[in-house]
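Input: a single structure, listed below in structure tokens.
Note that this is a predicted model, so its numbers are computed, not measured.
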Amino acid sequence: MSPFLKRVCKIIMSLSGLPRLPPARLLASIHPTHVLLPSVSPAAARTFYQGGYRRPGQPKDDTAPWERIKFDFAKGVEGMKKHFSLLKREFLDPWTGPGGKPIVEHMLEQNRVIWEFRGQESLDQWTVSSDREIGGQSEAFLKLGRNNNTSFMYGTLCSTPPRDGETSYSGYCTMRSKQPLASFDRKKHFDWSGFNCLHLRVRGDGRPWMINIASETYFFHQKDDVYSYFLYTRGGPYWQEVKIPFSKFFLAHRGRIQDNQHPLLLDKINTIGFTLGDKADGPFQLEIDFIGVCKDYAHTEEFAYELYKRNPEV
């Protein structure tokens with residue numbers, strides 16, 4: 001304990017008439033955390049243990065918020081045109097039907113393609129990252145495939161951690177869709193509540209990937225929650241169509257699987273991503289034709305994992 005805290009404890013005991021106690025014991029008596037924490041639910045209790053997240057090896061950003069603003073008149077005019085066109089579409093589409101489709105077509109819809117890669121504009125909706133951002137040696141790139149009809153992610157995976165004295169594990173590459181935005185940079189969500197399976201057409205090199213889906217959360221400490229499941233590629237020249245039920249996705253927080261599982265909220269989906277981190281150093285590649293959702297009437301499972309009831313009825 002620092003000399004300053006010891007001096008503060010002596011002042012408190014002299015003013016309040018408390019008996020002479022060791023400083024550590026006095027602080028424990030002032031903050032009885034063992035009484036408060038058990039009554040808090042695990043989801044809300046995370047706020048007591050975590051603060052702002054900083055990647056290992058990444059310097060702290062002390063830039064003030066107002067210093068990050070860049071004023072450009074021409075860019076502002078282009079932005080206003082873009083946002084007002086999006087606002088116009090938001091007003092006119094509901095008159096046609098949900099998502100701008102006729103109501104009959106929306107009710108009978110059983111398959112929907114969310115992302116298909118048919119040009120450079122489709123690649124602009126995705127971002128690619130790797131452990132090189134924290135000092136690692138992995139590389140990941142994204143480009144259009146042959147005939148400009150697919151997305152082709154390739155690179156090299158290296159699990160050697162950077163020598164910064166802080167990072168213990170390394171070796172990952174990921175591609176993730178950007179958060180869709182409505183007019184004036186408001187969040188826009190995907191509504192997949194009418195479907196129960198994720199439908200992919202991919203061609204890989206035999207490596208296992210992790211599919212991560214992020215939905216809108218109601219509390220700040222849940223912003224790093226993702227729902228994950230595995231994608232096993234066959235390798236070889238042939239395409240494979242994969243259907244993964246949403247009931248199979250499990251909840252994880254910053255890479256740690258949670259004991260208290262919840263089903264995925266399909267009415268407010270934000271992003272989807274593909275992560276490679278199998279510790280097998282070397283080149284990799286993953287080609288994606290389309291990403292969609294479908295409704296499989298043969299699949300009736302609601303959730304594949306146990307749901308614990310905290311206060312069971314007697």
Side-chain angles (χ1 to χ4, degrees), residues 70 72-102 105-106 109 111-130 132-133 139-155 173-192 194-195 198-204 209-216 226 231 233 239-242 244 266 268-276 284-294:
K70 296 181 180 179
D72 190 345
F73 182 77
K75 188 177 292 186
V77 173
E78 293 296 328
M80 293 300 293
K81 291 181 180 179
K82 168 189 172 183
H83 291 304
F84 277 110
S85 63
L86 291 175
L87 185 63
K88 178 182 177 182
R89 191 182 306 169
E90 289 181 28
F91 276 107
L92 296 180
D93 283 352
W95 291 96
T96 307
K101 297 181 180 180
E105 180 180 347
H106 179 77
E109 188 178 22
N111 298 275
R112 181 187 301 174
V113 176
I114 310 298
W115 292 279
E116 58 179 351
F117 303 91
R118 300 296 183 266
Q120 186 62 37
E121 297 81 8
S122 58
L123 293 185
D124 295 337
Q125 303 175 11
W126 295 79
T127 179
V128 178
S129 63
S130 66
R132 184 171 288 269
E133 299 178 0
E139 291 182 328
F141 306 95
L142 183 64
K143 68 176 185 178
L144 290 174
R146 188 173 297 178
N147 299 326
N148 296 335
N149 285 332
T150 60
S151 71
F152 188 74
M153 182 182 177
Y154 65 100
C173 295
T174 179
M175 64 176 290
R176 186 175 184 179
S177 63
K178 295 180 180 179
Q179 170 71 54
L181 299 175
S183 59
F184 302 103
D185 291 338
R186 293 179 294 110
K187 274 188 177 183
K188 186 179 180 182
H189 312 290
F190 296 106
D191 186 4
W192 299 345
F195 308 93
L198 183 69
H199 188 191
L200 309 169
R201 188 170 187 261
V202 299
R203 180 164 58 180
W209 291 72
M210 182 75 79
I211 303 179
N212 304 312
I213 299 179
S215 62
E216 183 66 13
V226 294
L231 171 64
T233 59
W239 290 91
Q240 64 179 116
E241 291 199 10
V242 182
I244 303 176
L266 295 174
K268 289 187 177 181
I269 301 296
N270 287 337
T271 61
I272 186 173
F274 301 86
T275 302
L276 176 66
F284 67 88
Q285 63 182 29
L286 177 66
E287 193 172 2
I288 304 177
D289 185 11
F290 67 84
I291 304 172
V293 291
C294 65

What verdict does the side-chain contact (heavy atoms from CB on, under 4.5 Å) test give for F195 and L266, after you've listed the backbone C-alpha separation in whole Å, the side-chain angles of each residue and the deciding distance to 0.1 Å? CA-CA 8 Å; F195 308 93; L266 295 174; over 6 Å; no

Roughly how far, to the nearest 0.5 Å, is SG of C173 from OH of Y154? 12.0 Å

Tell me whether K178 contacts the main-chain N or O of D124 through its side chain, where contact means a donor paired with an acceptor under 3.5 Å. yes

Approximate separation, where rounding is to 0.5 Å, of D289 CG and E241 CD: 8.5 Å

Exam field: side chain T174 to backbone F274, donor-acceptor pair closer than 3.5 Å: yes

Rounded to the nearest 0.5 Å, how far apart are CZ of F184 and NZ of K82? 11.5 Å

Nearest-0.5 Å distance, CG of residue L231 to CD of residue Q240: 6.5 Å

Please report the C-alpha distance between N148 and K143 in whole Å, then the side-chain angles of each, then the deciding distance to 0.1 Å, and finally whether the side-chain contact (heavy atoms from CB on, under 4.5 Å) criterion is met. CA-CA 9 Å; N148 296 335; K143 68 176 185 178; over 6 Å; no

Closest heavy-atom contact between A214 and V226? CB-CG1, 4.3 Å

If you define the side chain from C-beta out and look only at heavy atoms, does anything of W209 sit under 4.5 Å from M153? yes

Could you give the distance from CD (Q285) to CZ (R203), rounded to the nearest 0.5 Å? 8.5 Å

In sequence, state the C-alpha distance, the side-chain angles, and the governing distance for I291 and L198, and then conclude on side-chain contact (heavy atoms from CB on, under 4.5 Å). CA-CA 8 Å; I291 304 172; L198 183 69; 4.2 Å; yes

Tightest non-hydrogen contact, residues W239 and T150, listed as CH2-CG2, 3.6 Å

Verify the neighbour count for atom CZ of R176: are there more than 12 heavy atoms of other residues, nucleotides or ligands below 6.0 Å? no

Over all atoms of both residues, closest heavy-atom pair of I114 and V293: CD1-CG2, 4.2 Å

Set out, in order, the CA-CA distance, both residues' side-chain angles and the distance that settles side-chain contact (heavy atoms from CB on, under 4.5 Å) for R118 and N149, then state yes or no. CA-CA 5 Å; R118 300 296 183 266; N149 285 332; 3.7 Å; yes

Look up atom CE in M80 and atom OG in S183, then write down how far apart they are to the nearest 0.5 Å. 10.5 Å

Of F152, W126, F290, the one forming a ring-ring contact (aromatic ring centres under 6.0 Å, His included) with F117 is W126

So, S177 side chain and I272 main chain: donor-acceptor pair closer than 3.5 Å or not? yes

More than 12 heavy atoms of other residues, nucleotides or ligands under 6.0 Å from CZ of F84: yes or no? no

Is it true that E90 and K188 make a salt bridge, defined as a side-chain N closer than 4.0 Å to a carboxylate O? no

Identify the heavy atoms of G155 and F141 that sit nearest to each other, and give their distance. CA-CD1, 4.4 Å

Compare every heavy atom of V128 with every heavy atom of A140, then report the nearest pair and how far apart it is. CB-CG1, 3.5 Å

Give me the atom names and distance for the closest heavy-atom approach of E287 to G145. OE2-CA, 4.4 Å

Indicate yes or no: at least one non-hydrogen side-chain atom of H189 is less than 4.5 angstrom from one of N270. yes

